[in-house]
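What follows is one structure encoded as structure tokens, with my remarks underneath.
For ligands, and for the atoms within them, numbers begin at 1 and follow the listed sequence. The figures that follow rest on heavy atoms only: side chains count, while hydrogens, waters and symmetry mates do not.
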Amino acid sequence: MRKLCVVGSGYVGLVTGACFADLGNEVSLVDIDERKIEMLLAGNMPIYEPGLAELVQRNSAAQRMHFSTCYAEALENAEFVFICVGTPSGVDGEADLQYVRAAAQTIAETMRHPLIVINKSTVPVGTGDWTREIITSKQPQPIDFSVVSCPEFLREGSAIADFLQPDRTVLGSTDRAAAESVAELYTPVNAPVVITDLRTAEMIKYASNAFLATRISFINEISIICEQLGADVTEVARGMGFDKRIGPHFLEAGIGFGGSCFPKDVKALANMAQTHGMHPQLLNAVMEINAFQRRQITLKAREMLGGSVNGRTLAILGLAFKQNTDDTRESPSLTVARSLLNQGALVKAYDPVAMENASRDLPGIQLCQSPYDAADGSDALLVLTPWNEFKHLDMRRIHSSMAQAIVIDGRNMYNPAELRKLGFAYRGVGRGYNGEG
Ligand code: UGA
């Protein structure tokens, strides 16, 4: 059992804290947001993540997880402190480090014994060195500490499984012994450990996210070409994925990537390159294709409705940026909804868990009780988040309730031939219609 402090109760902080507690450690989670800490103390979750509430409740009941707004209390006897605060995009796409700076300063002012400070937030290359300088300059008297970068690779929606069965753990530090102590904490998860220097570890995170985003933009570009040439991108991706050098993952064409990570991290990496005099051509293209992919959906809706959506009723299924989360940050679905509203459409929408978040951003949409409720009387049905519950809808019932039987399948969830057989006009993404089926 080791004593850990986790700064920040967002996705990364809560999942890291709860999982380390579940592995038998004692974790004190600190956040300056009183509302979040009050919620957690009352046994409520500030975010939706499958399995997280049970994990937090179980470990709080076992006294392995504590919540506080007081750093001094949370740092007491801690050997390790994990910084898990947000790094939003600044005006030019650069990562905004104000929360990392505030956490480092408070740790420096509060620490009373040697500590290993581990940064899990996605931060620009060089931030580890900068964190070390901040802590050194803000300590009232010198106390030994080391900084380790341990970038996070969790995905929303499967964060707990990702923590407990990661593909790898990356640790960067100028202090090898400190990195090895952190590696020991991760021994129970039994994954390969890469120990490297601080800057390289920070870069591994950006390069990984940018590479995954590139795969998505690549297959999305292929989808546009498929559509024009009468090929089906879902089959193209399947055929490509068996090649071991390519692999099957992250090759789903759709409405583009969203969320709090990919858009922000690709932008931040491009910004880092630009500020050092480089021209990140590929990263710029990845972002451009991603924006184009969202626009495509609105263009398809316009085209299928005779040139305009003005005065039409459009039903959107799915508001979260992906399935199994209530997160609507940078959600492509909201971009589509906003654009339709701006063009004079009435937008009805349904999402299993993200409606509250979406209506805060976009009060103009009409929220519905079910997919059927959304489809009822609509001129087109746009499926934009691939929730499992949308896979097996009663499409006959939907067909009979719509004003016009049009389906725009932004995530290629349906069999085009089956829908056409039921009488729908169907458009997917990258599924060129060659007259068959
Ligand atoms: C992503 C990374 O996958 C994590 O490894 C990383 O830790 C995290 O960012 C982060 O930096 O914190 P996440 O944003 O939760 O995780 O979501 P993903 O599952 O990676 O999906 C991102 C977006 O890409 C979603 O909008 C999704 O719908 C889209 N996507 C994904 C596609 O359009 N096609 C695909 O084939 C895969």
Side-chain angles (χ1 to χ4, degrees), residues 8 10-16 47-50 84-89 95 119-123 150-163 165-170 191 202 204-223 233-234 236-238 240-241 246-269 286-287 289-294 296-297 318-336 354 383-387 409-413 428-430:
Y11 272 101
V12 175
L14 268 176
V15 172
T16 304
I47 52 163
Y48 170 79
E49 177 65 32
C84 304
V85 296
T87 52
S89 279
N119 186 32
K120 288 204 85 61
S121 306
T122 303
V123 288
C150 176
E152 190 47 75
F153 299 102
L154 304 177
R155 285 165 300 176
E156 289 180 22
S158 57
I160 291 167
D162 288 344
F163 184 98
Q165 293 125 35
D167 289 342
R168 78 305 208 181
T169 302
V170 173
E202 288 164 346
I204 289 173
K205 170 65 194 239
Y206 277 107
S208 302
N209 272 5
F211 182 75
L212 292 169
T214 304
R215 275 179 78 104
I216 299 171
S217 279
F218 174 84
I219 201 69
N220 280 336
E221 180 147 282
I222 295 293
S223 81
V233 74
T234 60
V236 171
R238 207 170 89 84
M240 286 167 64
I246 298 174
H249 304 294
F250 274 72
L251 281 181
E252 279 168 29
I255 60 174
F257 56 80
S260 64
C261 305
F262 285 176
K264 165 176 79 73
D265 293 348
V266 177
K267 229 192 270 175
L269 185 56
V286 167
M287 293 188 277
I289 294 167
N290 201 45
F292 180 68
Q293 212 64 13
R294 297 178 183 200
Q296 280 286 310
I297 296 292
L319 295 163
F321 82 96
K322 63 172 190 179
Q323 68 277 35
N324 301 332
T325 176
D326 66 347
D327 198 341
T328 53
R329 285 175 290 176
E330 288 281 336
S331 171
S333 206
L334 292 196
T335 313
V336 172
V383 186
L384 303 183
T385 310
W387 283 98
D409 182 1
R411 300 289 193 153
N412 291 338
M413 295 186 75
V429 175

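With Lys205 as the partner, the side-chain contact (heavy atoms from CB on, under 4.5 Å) test is satisfied by one option alone out of Pro151, Cys261, Cys150: Pro151. Just one residue in the list Leu384, Asp327, Thr328 forms a side-chain contact (heavy atoms from CB on, under 4.5 Å) with Phe321, and that residue is Asp327.
In this structure, the salt bridge (Lys or Arg N to Asp or Glu O under 4.0 Å) partners of Asp162, at least two apart in sequence or on a different chain, are Arg155. Under the side chain to side chain contact (heavy atoms under 4.5 Å, CB included) criterion, Phe163 pairs with Val15, Thr16, Cys19, Phe20, Leu23, Leu154, Tyr186, Val189, not counting sequence neighbours. Not a single salt bridge (Lys or Arg N to Asp or Glu O under 4.0 Å) links Asp265 to another residue, sequence neighbours left out.
Phe153 carries Arg168 over the face of its six-membered ring, with the cationic atom under 6.0 Å from the centre and within 45° of the normal.
Listed by chain and number, residues touching ligand 1 at under 4.0 Å (heavy atoms only) are Glu152, Phe153, Leu154, Arg155, Glu156, Lys205, Asn209, Ile216, Phe250, Leu251, Glu252, Phe257, Gly258, Cys261, Phe262, Asp265, Phe321, Lys322, Arg411.
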